[in-house]
Amino acid sequence: MTATIGLPLWLVVLLAVFAIVGLVDRIFAPSVRWFFRGRLNHAIDELNSRLRLQIQPFKLTRRQTLIDQLMYDPKVLEAVDAEARETHVPRSLLIAKAERYAREIVPSFSALTYFGFGTRAARWLSQLLYRVRLGYSDNETLQKVDPASTVVFVMNHRSNMDYVLVTFMASTQASLSYAVGEWARIFLLESLIRSMGAYFIRRNSNDPLYRRVLGRYVAMATRQGVTQAVFPEGGLSRDGRLGAPKLGILSYIVSEFDASADRDIVFIPVGINYDRVLEDRVLTAKAEKEVSGRDFRARISGFFGFVATMAKLRLRGRLYRFGYACVSFGKPVSLRQWQKDRNLAIRSLPPEERFEAVSRLGSDLVREIGSVLPVLPVSLASRVFLDSGDNWLGELEIKAQIGELIETLAKRGVHVHIPRSDLDYATSAGLRMLILRRLVEENGEGLYRANPKESVLLHYYANSIAHHFPGIN
């Protein structure tokens, strides 16, 4: 019993390491986790006390738990069984496939990342690039929205800056959950976006199983009150116009809504406009090639060249922001009231009628977005130059025509952002931006006209307000 046992030094060291790891795991780690969990819960409580729309427990649930809930959702399992019968693929393989989809979709929200980094970075970047302004906002009606309802911000999609700009503008109200395309699934950026609460989607996937998993996640998040931000148009506008609604995400949000049992779903229309869209050349590249033969392609070298140029101008003190970016918030649309007014319940309709009802809802929401989409100086000036054709205009003529457009829009109740409430300054701001972009030519005698080589881009900016002028091409 008292005999000495000799052990090699390496084995003693290994046993000591295992013992230390065991002590940390069983004794110290739980205390540390308890401490940080308490700090995190306290921070979230403090955030919720300041936010108009609180962070729902669903967003704070462990990601693996959400994946498991999604995997064992009855409708997902039904879709697995249906595909197994149809394709004769083993059920176990389809379960694994569904799990891959779930892991791809489900985010891992971090309040620290969202509010500690994300909203601050969004504010810094927005104000670095633009003069950010709040346009129209129906504050009285917005304040009456029931905080217990599921709020969905529906907005037009002009630029990838939309994510950044709206995150900044809504940062005092809520944390937003976006649907983000596959373009953002790159190293490091993907993890950051997930931690901001966004979920990734394959926009053009025709896989029924994938669609079912995605639909069930969106339905779960909606039912649990997660505040979401949705672009009804689906993708970025390539001609500058407000597009027709795509019904994918919208149908997932509303198709299972039970007005008698579920919390209400409230849509808040958001209109976004810019004096300059960063990726305008890329978005109009196809139309430009058809018109002029010029080929604009998105290249990584071009991106880094743009960043380098901006940094150089910044160091020299010659960096000018890209004009105004304006966001307007419209009158909330209650899904419960919308259904009541039309005497229907989307959930109980046959598939064809349900599709038609969701389509009507989408069209109504896009119309509401259009009604609050702000009008900016570059949009007005572009419209004037397109209407003038090849004619040269003096600054007074430009101002007079912009004034007429503003008067027409005001009669229709459209919000026009006039910087400093000064028409002269607004005219100068719009004209200056178009001259800097070489979209407008100057003859040296104080006269200006549209650059015929840049008609596509001029139409792109004028089209942002085309829905306010029906019948104008």
Side-chain angles (χ1 to χ4, degrees), residues 135 152-166 178-184 201-205 218 228-254 267-291 296 298 325-330 333 355-376 378-379 382-383 386 409 412 414-415 455-473:
V152 181
F153 290 83
V154 285
M155 59 196 77
N156 63 305
H157 203 4
R158 288 196 46 84
S159 169
N160 285 309
M161 269 298 295
D162 296 343
Y163 298 97
V164 178
L165 186 63
V166 176
Y178 291 94
V180 180
E182 291 179 283
W183 63 268
I201 61 172
R202 303 181 183 185
R203 296 193 184 277
N204 298 315
S205 175
V218 175
Q228 300 175 57
V230 174
F231 300 103
E233 297 168 284
L236 290 165
S237 173
R238 294 188 175 275
D239 61 2
R241 292 180 181 273
L242 189 61
K246 301 289 180 63
L247 305 180
I249 296 295
L250 185 60
S251 65
Y252 298 149
I253 289 173
V254 305
F267 298 98
I268 298 181
V270 181
I272 309 169
N273 208 355
Y274 303 87
D275 271 341
R276 178 179 177 180
V277 173
L278 298 180
E279 56 271 65
D280 54 7
R281 293 286 185 187
V282 176
L283 293 172
T284 59
K286 183 178 179 181
E288 186 65 59
K289 190 169 185 178
E290 291 174 354
V291 171
F296 293 101
C326 192
V327 180
S328 292
F329 297 87
V333 177
F355 178 83
E356 182 181 348
V358 175
S359 180
R360 287 172 60 192
L361 174 63
S363 297
D364 287 352
L365 292 176
V366 168
R367 186 165 53 252
E368 290 295 324
I369 293 169
S371 70
V372 296
L373 202 155
V375 178
L376 296 180
V378 165
S379 307
S382 298
R383 182 76 268 159
L386 287 174
L409 291 167
R412 298 174 183 174
V414 177
H415 174 76
S455 63
V456 171
L457 215 53
L458 270 175
H459 274 96
Y460 173 81
Y461 283 103
N463 283 345
S464 68
I465 60 173
H467 60 283
H468 293 310
F469 301 96
I472 296 181
N473 295 323

I want to check something: taking the side chain as every heavy atom from C-beta on, are [X] and [Y] in contact at a cut-off of under 4.5 Å?
{"X": "Leu365", "Y": "Pro245", "answer": "no"}
{"X": "Val375", "Y": "Asn273", "answer": "no"}
{"X": "Ile272", "Y": "Met155", "answer": "yes"}
{"X": "Phe469", "Y": "Leu409", "answer": "yes"}
{"X": "His467", "Y": "Leu373", "answer": "yes"}
{"X": "Val358", "Y": "Tyr252", "answer": "no"}
{"X": "His157", "Y": "Tyr163", "answer": "yes"}
{"X": "Val254", "Y": "Phe267", "answer": "yes"}

Might you point out which heavy atoms bring [X] and [Y] nearest each other, and give the distance in Å?
{"X": "Asn463", "Y": "Asp239", "value": "ND2-O, 2.8 Å"}
{"X": "Pro232", "Y": "Ile369", "value": "CG-CD1, 4.0 Å"}
{"X": "Val372", "Y": "Pro269", "value": "CG2-O, 4.3 Å"}
{"X": "Leu236", "Y": "Ser159", "value": "CD2-N, 3.3 Å"}
{"X": "Pro374", "Y": "Gly271", "value": "CD-O, 3.5 Å"}
{"X": "Leu250", "Y": "Gly362", "value": "CD2-CA, 3.6 Å"}

Say you draw a straight line from [atom1] of [X] to [atom2] of [Y]; how long is it, rounded to the nearest 0.5 Å?
{"X": "Glu288", "Y": "Ser455", "atom1": "CD", "atom2": "OG", "result": "7.0 Å"}
{"X": "Glu233", "Y": "Arg238", "atom1": "CD", "atom2": "CZ", "result": "12.5 Å"}
{"X": "Ser237", "Y": "Asn156", "atom1": "OG", "atom2": "CG", "result": "8.5 Å"}
{"X": "Ile249", "Y": "Phe231", "atom1": "CD1", "atom2": "CZ", "result": "12.0 Å"}
{"X": "His459", "Y": "Arg383", "atom1": "NE2", "atom2": "CZ", "result": "6.5 Å"}
{"X": "Arg276", "Y": "Leu376", "atom1": "CZ", "atom2": "CG", "result": "15.0 Å"}

For the pair Phe153 and Phe329, name the ring-plane relationship: parallel under 30°, tilted 30 to 60°, perpendicular over 60°.
-> perpendicular

Inter- and intrachain pairs under side chain to side chain donor-acceptor pair (under 3.5 Å), touching residues 361-370, at least two apart =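 Every side chain to side chain donor-acceptor pair (under 3.5 Å) pair that includes a residue of residues 361-370, provided the two are not neighbours, is Trp338-Asp364, Arg342-Asp364, Asp364-Arg367.
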
From CA spacing to verdict: side-chain contact (heavy atoms from CB on, under 4.5 Å), Asp162, Tyr274 | CA-CA 10 Å; Asp162 296 343; Tyr274 303 87; 2.5 Å; yes

If only atom types and distance count, is the side chain of [X] paired as donor or acceptor with the main-chain N or O of [Y] below 3.5 Å?
{"X": "Arg241", "Y": "Ala466", "value": "no"}
{"X": "Arg203", "Y": "Gly235", "value": "no"}
{"X": "Ser359", "Y": "Phe355", "value": "no"}

Show me the donor-acceptor pairs, under 3.5 Å and distance only, between side chains in residues 280-287 and residues at least two apart or in other chains.
| residue | atom | partner | partner atom | Å |
| --- | --- | --- | --- | --- |
| Asp280 | OD1 | Arg437 | NH2 | 3.4 |
| Asp280 | OD2 | Arg437 | NH1 | 3.0 |
| Asp280 | OD2 | Arg437 | NH2 | 3.0 |
| Asp280 | OD2 | Tyr461 | OH | 2.5 |
| Arg281 | NH1 | Glu454 | OE1 | 2.9 |
| Arg281 | NH2 | Glu454 | OE2 | 3.2 |
| Thr284 | OG1 | Asp280 | O | 2.8 |

